[in-house]
Each structure stands twice: as structure tokens, then as C-alpha cells.
Amino acid sequence: MTGSIHIDLFTTLDGVQQAPGGPDEDTDGGFAFGGWQAPVMDEFDGERVMAGIQAMDALLLGRRTYDIFAGFWPNQLDGTDDAIARKFDSIPKYVASRGTPALAWRDSHLLGRDLAAEVAVLRERHRETHVIGSIDFARSLVAEGLFDRLNLWVYPIVLGKGKRLFPHDGLPASLRLLEPPVASPHGTVFLSYGPGDGTPGTGDMSQPDRGV
């Protein structure tokens, strides 16, 4: 079995993915828009999110996102989001960290230092591993081409500042669309990309072979 690595991110139109879930999720840099997703999420988003959660058989998280999840989801097993909580609780959780944190949530495991080797092991061990949030860690995976699907829920809002998967000083990369975009009635667009062919090419729009 060769499994796949999915990166799931909620993003604004200007590429901000910081703290979609709540006001105190991540206030780094004086970020004042924590919880920006709540007013604009609809049934379309929920159905797509649940489909991904039902399909996954492992979670792969950065340390900060793991701490947020571990402090929340184990307490929701009998709550309104119990289906999500029970799914997360039942599958292995893998954590990327430069330190040696105590991982109290059951079936949690610390990744080794060799990220490429660890991802290769996860692909052999699991059918579908999902990275949720974990922007800094997701950036490393994308930079090294260690992913199979980048799933983006793009919301029609602009925040101007905040953490991004693709920062202004980031490395160039190309991606390929894996399926047609799908839009919700409220303007959210779901996009799914895979790794492309490396560094983007260039051309001259005045030439007849410009690809148009």
C-alpha cells in the first residue's frame, strides 16, 4: 500500500490561513482576526470537511496545532461535534516538533528528524494521512514536495496580514489542479492541487508559442 498525504487549509482570498477557528487560536504578530471562518462557513464547507475526516486514517500535525487539538477534541466526545472528536480520538496522531513534548492524547507519536523518511513510513502505514492547519509544518512539506493533495477552502474575505502557506519571501513552486474547482452559493471555492513540475517556467506573451 502506498498511501497519500493531504494538507487541508482554510484560507482567505489573500492567502491568510492563521487562526480560522477561534479568537485565541493564534495571536502571533498581533493577529486580531482569530475565528474569521466562523461567520462565513456554510453547509458546503461542512460536507467537504466531513468527507475528508471520514476518509482519513491518520493525523499529521505541527506541535502548536496538536496542542490545540489535544486540549479540545478529547473533551468533545459527547458534544455536538462528537463525530469529529471520536474520529480524531480513534486514529493515530503524528506530531512534528523540534523538541521532545509530552504527547498525552492517546495514540500520539513524535516524528523523527528525517522528515522525508518519516513521510515515506506514513505512506506505507496509512491509506490517507491528513495535515490540518499546521501552517509552518505544511510549508516544509510543500517545499520538499512531501504531499499528494493540497486542499484549500478559499473564502471571499481579505485580511491583509497573517500567516500564509506561501509567504512573500517563499520559494517558487508549481502546482497542478487535481479536480475541477467547486464553489458554494456563498462564495467559498474548494481547490485541490498536487505537486507540479518544479520551479515555474517563464515565457514571452508577445510570442506565438506562448501557450494561449
Side-chain angles (χ1 to χ4, degrees), residues 3-12 15-22 24-26 28 31 34-38 40-41 44-77 79 81-97 101 103-111 115 118-119 122-123 125-144 146-155 162-166 178 188-194:
S4 56
I5 307 296
H6 296 228
I7 300 172
D8 301 328
L9 289 170
F10 304 118
T11 181
T12 65
V16 174
Q17 291 106 18
Q18 186 171 352
D24 301 320
E25 181 180 341
D26 182 358
D28 283 2
F31 189 68
W36 56 263
Q37 184 191 23
V40 291
M41 190 168 184
F44 166 85
D45 311 333
E47 290 173 359
R48 282 275 176 171
V49 170
M50 281 304 302
I53 291 173
Q54 290 167 358
M56 70 176 67
D57 61 340
L59 271 172
L60 176 56
L61 304 171
R63 168 67 186 280
R64 178 182 289 224
T65 301
Y66 172 83
D67 286 345
I68 294 170
F69 276 32
F72 179 78
W73 288 113
N75 301 315
Q76 305 301 313
L77 294 174
D81 291 321
D82 61 312
I84 299 175
R86 292 180 185 279
K87 179 67 174 187
F88 287 168
D89 195 60
S90 70
I91 60 178
K93 278 76 65 178
Y94 299 93
V95 185
S97 175
L103 305 177
W105 196 2
R106 80 181 190 93
D107 209 358
S108 295
H109 312 273
L110 186 65
L111 289 186
L115 184 56
E118 292 291 326
V119 168
L122 293 180
R123 282 195 170 114
R125 186 177 295 165
H126 299 287
R127 181 188 67 258
E128 195 167 305
T129 300
H130 282 241
V131 181
I132 300 177
S134 308
I135 301 169
D136 292 339
F137 177 54
R139 192 180 298 143
S140 297
L141 292 172
V142 171
E144 297 185 35
L146 298 175
F147 74 102
D148 300 284
R149 276 185 175 265
L150 172 60
N151 299 317
L152 300 174
W153 285 260
V154 184
Y155 291 87
K163 294 179 182 178
R164 293 170 164 86
L165 177 65
F166 302 111
L178 298 179
T188 304
V189 179
F190 177 77
L191 300 167
S192 188
Y193 292 100

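Keep in mind that what you see is a predicted model, and the values were worked out from it rather than measured.
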Where is the tightest heavy-atom contact between [X] and [Y], given as atom of each residue plus distance?
X	Y	result
Phe69	Ile132	CZ-CG2, 3.8 Å
Leu110	Pro101	CD1-CD, 4.0 Å
Ala96	Leu111	CB-CD1, 4.1 Å
Ala138	Leu165	C-CD1, 3.7 Å
Tyr155	Val40	CD2-CG2, 3.5 Å

His130: partners by side chain to side chain donor-acceptor pair (under 3.5 Å), with sequence neighbours left out: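 So His130 forms a side chain to side chain donor-acceptor pair (under 3.5 Å) with Asp8, Glu128.
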Ion pair check, Asp136 and Arg139, cut-off under 4.0 Å: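 Salt bridge flag = yes for Arg139 with Asp136.
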Using modelled atom types only, decide if a donor and an acceptor are shared between the side chain of [X] and the backbone of [Y] within a distance under 3.5 Å.
X	Y	answer
Ser108	Trp105	yes
Lys163	Gln17	no
Lys87	Met50	no
Asp26	Gln18	no

Passing option when Val49 is tested against Phe190, Phe10, Phe44 for side chain to side chain contact (heavy atoms under 4.5 Å, CB included):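 Checked Phe190, Phe10, Phe44 against Val49; only one passes side chain to side chain contact (heavy atoms under 4.5 Å, CB included): Phe10.
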Worked verdict on Leu59 versus Tyr66 for side chain to side chain contact (heavy atoms under 4.5 Å, CB included): CA-CA 9 Å; Leu59 271 172; Tyr66 172 83; over 6 Å; no
Approximate separation, where rounding is to 0.5 Å, of [X] [atom1] and [Y] [atom2]:
X	Y	atom1	atom2	value
Thr65	Glu25	OG1	CD	7.0 Å
Gln37	Thr188	CD	OG1	8.5 Å
Ser97	Phe137	OG	CZ	11.0 Å
Leu103	Arg63	CG	CZ	7.5 Å
Ile5	Thr129	CD1	OG1	4.5 Å
Ile91	Asp107	CD1	CG	9.0 Å

Partners meeting salt bridge (Lys or Arg N to Asp or Glu O under 4.0 Å) with Asp148 (sequence neighbours left out):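 Scan of Asp148 (salt bridge (Lys or Arg N to Asp or Glu O under 4.0 Å), adjacent residues dropped) gives Arg123.
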Residue pair Phe147, Val119: steps toward the side chain to side chain contact (heavy atoms under 4.5 Å, CB included) verdict: CA-CA 9 Å; Phe147 74 102; Val119 168; over 6 Å; no
Is [Y] close to [X] at the side-chain level, that is, under 4.5 Å between some pair of heavy atoms?
X	Y	value
Ile135	Arg164	no
Trp36	Phe31	yes
Leu178	Leu150	no

Identified side-chain hydrogen bond (donor to acceptor under 3.5 Å, both in side chains) partner of Tyr94 from the options His126, Glu118, His109: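 It is His126; the other options fail the test.
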Passing option when Ser192 is tested against His6, Arg48, Arg149 for side-chain hydrogen bond (donor to acceptor under 3.5 Å, both in side chains):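 Single side-chain hydrogen bond (donor to acceptor under 3.5 Å, both in side chains) partner of Ser192 among His6, Arg48, Arg149: Arg149.
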